[in-house]
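I have placed the structure first, in the form of structure tokens, so that the comments after it can refer back to it.
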Amino acid sequence: MSETWNKRTTAVHGGTRRSQYGEVSEAIFLTQGFVYDSAEAAESRFLQAGDEEFIYARYGNPTVRMFEDRIAALEGAEDAFATASGMAAVSGALTAMLKAGDHVVASRALFGSCLYILEEVLTRYGVEVTFVDGIDLNQWRAALRPETRAVFFESVSNPTLEVIDIRAVCDLAHAVGATVVVDNVFATPVFSDAIAQGADVVVYSATKHIDGQGRALGGVILGTRDFIRKTVEPYMKHTGGSMSPFTAWVMLKGLETLSLRVNAQADNALALVNALQGHTRLERVLYPGHPSHPQYGLCAAQMGKGGTVVSLDLKGGQTAAFQFLNALQIAKISNNLGDAKSIVTHPATTTHQRLPDDQKAALGITPGLVRLSLGIEDGNDLIADVKQALDAVG
Ligand SMILES: *Cc1c(COP(=O)(O)O)cnc(C)c1O
């Protein structure tokens, strides 16, 4: 593997381990255990396993290690630990490092399950959590204090697509000695430069763009070798949230085409947003990769492209939103995102249903808001489909 490769090369070749057969496609080592040549070999491997040595699939597996090494190289991180789902990555990264009495600052606009971990789980074990408006640096400044151990945010919020300034928040957090954990799903490893921008730990739900074809749940925690092997690995391998070898193989094949897919998806998103400017049935079109977005400059500097998700706020509230969803022919009504298939979601009644109305309002999750995850279909077909579905409203 070469340190000088660009992301597209790394995504295809990074981390590859070939068996004695020289297979072209990555092998699936669908085994939970490994045979030792002798009792002495077993003893010494339990004492200290070498890079090519494995003990038990909950601790590590050659296919899983290929995925970890490839995505670590792609993200520019020293190491990675692959997990059974995105939530195993989020909860693992935080729980592995925190203890009673620690303080955490998090942005308020979070995926529902992330909010549950911070609000309901960590607090139960004596961790204090302060929530801030992630785009307001003054709120971060006011909330951070010497006992703040961790900072957590989604670099682009779901579903209102606010962009958090990774570098600025990291500078503030590092000044009090806190570890910054970035949930980077919407940026994807292709548009992310989060480690270089100061993030200590990056987590992904691999279920989203990394698989990108709706097949498997997975996740990954990325960080320094020290953090991954000394803090994360002991916690994950003993609590059980490791990725399965079969899932790792699915995700490896996903990484191969990740750049092609998410670039095509982001191009479809921008083309759609351009085509919808000034549309009479829309209250707002939210996309950080378009100059109409208040953080367009930050998004361009932080991510390059604007990502694969567009949010549309329809005039006429939930009735109009439902009519629009039901009229779409190509985009499927579901709740995943980052898939090769376009997927449309009504957050207020599904993914964010649990939030009280005042919190929905505070987060901009209006009854007319629709989240559209662009797939890799033909962009003109997608624009025509969205326009005919908007015409069907009313
Ligand atoms: C989907 C998602 C998760 C959780 O991932 P799973 O793979 O579903 O467990 C966490 N954070 C964000 C931002 C997500 O979109």
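Note that ligands are numbered from 1 as they come in the structure, with each ligand's atoms numbered from 1 the same way.
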*Would you please write out the protein residues whose heavy atoms approach any atom of ligand 1 to under 4.0 angstrom, listed by chain and number?*
Ser85, Gly86, Met87, Phe111, Cys114, Glu154, Asp183, Val185, Ser205, Thr207, Lys208, Gly218

*Donor-acceptor pair between Ser192 and Asn184 side chains, under 3.5 angstrom*: yes

*Donor on one side chain, acceptor on other, Thr63 and Glu26, under 3.5 Å*: no

*Would a 4.5 Å heavy-atom cut-off, applied to side chains only, mark Val370 and Leu314 as touching?*
yes

*Any salt bridge between Arg229 and Asp79, counting N to O under 4.0 Å?*
yes

_Glu23, CD atom: more than 12 neighbouring heavy atoms under 6.0 Å_ = yes

*What residues form a side chain to side chain donor-acceptor pair (under 3.5 Å) with Lys305, not counting sequence neighbours?*
Asn263, Asp267

